[in-house]
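Below: one structure, written as structure tokens.
In this chain, residues are counted from 1 in sequence order. One-based numbering, in listed order, for ligands and for the atoms of each.
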Amino acid sequence: GNKIRVGIVGYGNLGRGAEASIAQQSDMELVAVFSRRKPESVNVINPDVKVLHIDEAKNYTEKIDVMILCGGSATDLPEQVPAFAEMFNTVDSFDTHAKIPEYFASVDKVAQASGKTSIISVGWDPGMFSINRVMSEALLPEGNTYTFWGKGLSQGHSDAVRRVDGVKNGVQYTIPSEEVMKQVRNGENPDVSKNDRHVRTCYIVAEEGADTERIEKDIKTMPNYFVDYETTVHFITEEELKRDHAAMPHGGFVIRSGKTGEGNNQIVEYSLNLDSNPEFTASVVTAYARAAYRLNQEGQKGAKTVYDVAPGYISPKTAEELRKDYL
Ligand SMILES: NC(=O)C1=CN([C@@H]2O[C@H](COP(=O)(O)OP(=O)(O)OC[C@H]3O[C@@H](n4cnc5c(N)ncnc54)[C@H](OP(=O)(O)O)[C@@H]3O)[C@@H](O)[C@H]2O)C=CC1
Ligand SMILES: N[C@@H](C[C@H]1CC(C(=O)O)=NO1)C(=O)O
């Protein structure tokens, strides 16, 4: 049968993960990768994959069913997704939580007018963790929900530090408080603010002659990503970064501990243990690309979040197969 024709915009960690994930989908084909860089400087996994300059995308509106936007949340997606939603169904991983309402509105305005379907903020947080926070809270209205990340490399925070003036390259690790996690697992329901549950550590390669004190301050005071968190910044060489920080493991869990109607304790937990944050995130985004296509075929246009997408839409199985084999 005819496959869902997918495009990738932005070829970084997530874009590479998306290329690998699409290759795993029997109902999808990758039509092209679009980059702001010169195509010959973009090293894709499969040399047969077509790499084009992002300006060529407008010529593919009849050749691509869904575009996966893999740019950075800090600066790329807020500008790229509304522009692409004019022409394509889109899926993205926008993760600046505080800005999601305004971002949703900016994408919805475009997609409602263009008749496209744009699923925003897909991944694991926001994404799969969001779904589990909402589900467990709906099931246990009386209780507390805890989210923990790491120890691992946050791509959103790493993208954000790389955008700081004077930063040549860099990564950010998120480290959860073992003490607080123990209390949560013991059902102690600790009253700890979200910002006291993690610390953040950055490894930065500064441009030649850059003012490292100013860079450190810019990072520590960065709204939404670092301000309110205890953050440490280390300056290292490009060689050290490549040697010690090439892997991108991450993970974490969402726990809700609550009481049902007659006072029984109930605990719901969803956990992730990721050797590759980008490859897992790309797998989630690719599954939701299937949903964006199907929703658009049904005429469900405009911006959506993961809360608007019934689980069946992301599965390659038909609704009948799901009823028969998975309930
Ligand atoms: N919701 C969630 O759970 C998650 C969300 N994310 C989001 O995904 C976003 C993207 O993450 P990630 O892929 O790691 O970011 P990268 O920094 O690897 O890539 C971002 C963009 O930078 C450009 N780029 C990549 N490599 C280079 C290079 N060598 N030189 C110049 N430009 C380059 C690419 O655009 P171009 O090809 O056009 O140059 C790319 O799309 C993050 O900002 C985060 O917000 C990530 C993980 C989880
Ligand atoms: N969006 C995150 C996914 C998780 C990781 C995270 C953190 O370490 O703060 N928050 O959410 C990412 O870009 O990796």
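- Contacts of ligand 2 (protein heavy-atom distance under 4.0 Å) are D95, W124, D125, W149, S154, Q155, G156, H157, T174, R200, H250, N277.
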- Message: If you apply the rule ring-ring contact (aromatic ring centres under 6.0 Å, His included), what do you find for F280 with H250, and how did you get there?
- Response: CA-CA 10 Å; F280 179 76; H250 213 343; over 10 Å; no
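- Atom CD of E178 and atom CD of Q183 lie 12.0 Å apart (nearest 0.5 Å).
- Ordered by chain and residue number, the residues placing a heavy atom less than 4.0 Å from ligand 1 are G10, Y11, G12, N13, L14, S35, R36, R37, C70, G71, G72, S73, D76, S93, D95, V122, G123, W124, D125, P126, Q155, G156, D159, R162, R163, N277, T281.
- Residues R36 and D76 are paired through a salt bridge, judged by an N-O separation under 4.0 Å between the basic side chain and the carboxylate.
- Note that K116 lies outside the cation-pi zone of F88, set by a 6.0 Å cut-off to the ring centre and a 45° limit from the axis.
- With rounding to the nearest 0.5 angstrom, the OG1 atom of T90 is 5.5 Å from the CG atom of L69.
- Residue pairs meeting the side-chain hydrogen bond (donor to acceptor under 3.5 Å, both in side chains) criterion with at least one partner in residues 77-88, sequence neighbours excluded, are absent.
- Aromatic rings of Y288 and Y313 (six-membered ring for Trp) have centroids beyond the 6.0 Å cut-off, not under it.
- Residues forming a ring-ring contact (aromatic ring centres under 6.0 Å, His included) with F148 (at least two apart in sequence, or on another chain): H198, F253.
- For the side chain to side chain contact (heavy atoms under 4.5 Å, CB included) test with M28, the passing option among D65, V66, V6 is V6; the others fail.
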